[in-house]
Amino acid sequence: MDDENLEQETTCLNHCSERGYDWNEDVGATLRDFFHDHLLRKTYGRIYELPSDKQTCDVSVVIPTFNRSKFLRRALSSVQAQTMMPAEVLVIDDCSNEAEALATERVVEEFSASLNLILLRNSVNRGANYSRNRGISTAKHRYIAFLDSDDFWMPEKLSRQIEILSQKEEGRAILCVTGRYRVAGESGKIIARQLVRSDFSRKTIIQSNFIGTLSSVLVDATLARAVSGFDEALPACQDWEFFIRISQNINFLSVSAPLCVYVEHQENRISASNRNRLRGHLFIKRKYIESLDEKLDLSAFYRNVGEELQLLGRGRMARRIYIKSLTEGIFPAWRGSLAQAMLHIYYTWRRMPLLKTARYLSYREKFARLEARVEELSQLRRDQDFIYTAFRRW
């Protein structure tokens, strides 16, 4: 199966969630948002004083939220628990329903005495990308740390990132990321520990979004503004596309330790739709992968597309793309074609694996090996205890 057929088969997906806004409505929304921001700055901004017992850093935290007040409390609690405090925290409520909007304001008020916390509220629902971009444009400090309201941080997240900024190169903007824990939303049990690689280039980030969640990211505010933030037309993969756009001239720093907690739960996360993720992958392919002169190993890319197609019930196409992922990078080309033909015959008689299930089995196997290492087990248990405590108390 060639890439043109993949494009044709998924054309309908490119129109399913296109959203447009009337220009006059946008202007009205902007004005309403401005006056609401001014009111909330007066309400919450004036009573805050930086804590004298903790060091602060030149960081603005940006937290988009939508009908997530119960998770927002946990996210803000983790910011409050940082060993190094951010200079300000911006919560952007993307026009939650009336009850959730009031609950969000109560949560903000609850934390406003201990955090320099500013609540912005969109007057119409515009999506996570728009909300993050509002945070980027409003932020007053040198660095921006993103945090989804679903997720939370380990206590040393900001301090460990600020510590390695001494390695920065003059004249180059900073992108600093950490490793993460992936945990079950119902229990807080760790599913996987995902460390981050230290090498970064335009080629490696186009091949795969190895950074993962935005909640691990610290970036120069001037850089985020220079590239106009996130693409608001994208329904998913907006973080990946953002990393690609800033990849040309940055100083990439990484803390491999898992200092961010990515929470999986049954409710729809930001960018959680399989259909939207598929659209995001196709966008990345058209805009970035096809424009490269050099050959890339796209096995991970095609496997991810195959998983989304399988979850959407498009089994035949999922099988073709999965086979392509297995044969990607086989040279000479005729050997790859022969391998694809043989695998098509094989999977005609044998059921294709459930790719999401296989991915989670891989998480489990890697985590079991991690638990078997005595030198890792002590830290792992301490981190799991902290995560359990966060779920129970926050």
Side-chain angles (χ1 to χ4, degrees), residues 51 53-57 59 61 63 71 73-86 114-115 143 145-167 175-200 208-218 252-265 269 357-394:
D53 59 333
K54 284 189 180 181
Q55 186 179 358
T56 60
C57 53
V59 172
V61 180
I63 307 178
F71 299 126
R73 175 175 280 102
R74 185 171 62 200
L76 289 175
S77 294
S78 76
V79 176
Q80 187 181 52
Q82 291 297 296
T83 57
M84 180 176 285
M85 301 294 286
S114 56
L115 294 171
Y143 301 106
F146 297 102
L147 176 59
D148 282 356
S149 56
D150 311 74
D151 302 331
F152 60 99
W153 291 339
M154 304 299 284
E156 295 185 346
K157 193 265 187 186
L158 287 181
S159 63
R160 292 283 297 276
Q161 287 185 301
I162 294 298
E163 181 182 348
I164 69 165
L165 292 188
S166 60
Q167 303 172 18
L175 173 65
C176 181
V177 303
T178 76
R180 64 193 179 276
Y181 282 118
R182 181 184 291 264
V183 307
E186 297 76 22
S187 64
K189 181 177 176 58
I190 296 175
I191 298 171
R193 187 184 74 165
Q194 298 173 306
L195 307 183
V196 66
R197 60 198 291 178
S198 58
D199 61 307
F200 179 92
S208 173
N209 181 16
F210 62 85
I211 294 175
T213 175
L214 268 173
S215 296
S216 75
V217 169
L218 184 79
F252 180 79
L253 301 172
S254 64
V255 181
S256 63
L259 300 174
C260 166
V261 181
Y262 177 92
V263 181
E264 293 191 349
H265 50 76
R269 289 182 57 95
T357 301
R359 178 161 58 89
Y360 276 79
L361 285 173
S362 174
Y363 291 157
R364 188 179 303 171
E365 290 169 1
K366 291 178 181 177
F367 196 69
R369 290 196 294 271
L370 177 65
E371 290 180 308
R373 300 176 195 164
V374 176
E375 68 276 12
E376 302 276 9
L377 191 57
S378 176
Q379 183 64 51
L380 185 62
R381 285 176 173 170
R382 285 197 297 270
D383 289 348
Q384 180 66 90
D385 287 344
F386 174 82
I387 293 168
Y388 280 148
T389 300
F391 268 72
R392 291 165 185 157
R393 295 186 181 179
W394 295 345

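Just so you know, these numbers come straight off a predicted model, no measurement behind them.
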Hey, could you give me the [atom1]/[atom2] distance between [X] and [Y], rounded to the nearest 0.5 Å?
X: Arg364; Y: Ile191; atom1: CZ; atom2: CD1; value: 9.5 Å
X: Ser216; Y: Tyr262; atom1: OG; atom2: OH; value: 12.0 Å
X: Ile164; Y: Ser159; atom1: CD1; atom2: OG; value: 11.0 Å
X: Leu218; Y: Cys57; atom1: CG; atom2: SG; value: 8.0 Å
X: Leu370; Y: Glu375; atom1: CG; atom2: CD; value: 9.0 Å
X: Tyr181; Y: Leu195; atom1: OH; atom2: CG; value: 8.5 Å

Centroid-centroid under 6.0 Å between Phe386 and Trp153 rings: no
Before we go on, tell me: are the rings of Tyr360 and Tyr363 under 6.0 Å apart, centre to centre? yes
Answer whether the closest heavy-atom distance between the side chains of [X] and [Y] falls below 4.5 Å.
X: Arg381; Y: Gln384; answer: no
X: Glu376; Y: Arg193; answer: yes
X: Phe391; Y: Val263; answer: yes
X: Tyr388; Y: Lys189; answer: yes
X: Ile63; Y: Leu76; answer: yes
X: Ser362; Y: Lys366; answer: yes
X: Val177; Y: Phe200; answer: no
X: Ile162; Y: Val59; answer: yes

List the atom of [X], the atom of [Y], and the distance in Å for their closest heavy-atom pair.
X: Met85; Y: Val79; result: SD-O, 4.0 Å
X: Pro258; Y: Met154; result: O-CG, 3.6 Å
X: Val196; Y: Ser254; result: CG1-CB, 3.7 Å
X: Phe152; Y: Ile387; result: CZ-CG2, 4.0 Å
X: Gln80; Y: Leu115; result: CA-CD2, 4.1 Å
X: Pro155; Y: Ala81; result: CB-O, 3.7 Å

Pair Gln379-Arg382, side chain to side chain donor-acceptor pair (under 3.5 Å): steps then yes or no: CA-CA 5 Å; Gln379 183 64 51; Arg382 285 197 297 270; 2.8 Å; yes
Tell me whether [X] contacts the main-chain N or O of [Y] through its side chain, where contact means a donor paired with an acceptor under 3.5 Å.
X: Arg180; Y: Ile211; result: yes
X: Thr178; Y: Val255; result: no
X: Gln161; Y: Cys176; result: yes

Counting neighbours of CZ on Arg373 that are heavy atoms of other residues, nucleotides or ligands and sit closer than 6.0 Å, is the number greater than 12?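 Above 12, so yes.
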Intermediate values then yes/no, side-chain contact (heavy atoms from CB on, under 4.5 Å), Phe146 and Thr213: CA-CA 9 Å; Phe146 297 102; Thr213 175; over 6 Å; no
Checking Ser78 against Trp394 for the side-chain contact (heavy atoms from CB on, under 4.5 Å) test, could you report, in this order, the C-alpha distance in whole Å, the side-chain angles of both residues, the deciding distance, and whether it holds? CA-CA 9 Å; Ser78 76; Trp394 295 345; 3.9 Å; yes
List the steps, then state whether side-chain contact (heavy atoms from CB on, under 4.5 Å) holds for Ile190 with Leu380. CA-CA 9 Å; Ile190 296 175; Leu380 185 62; 4.1 Å; yes
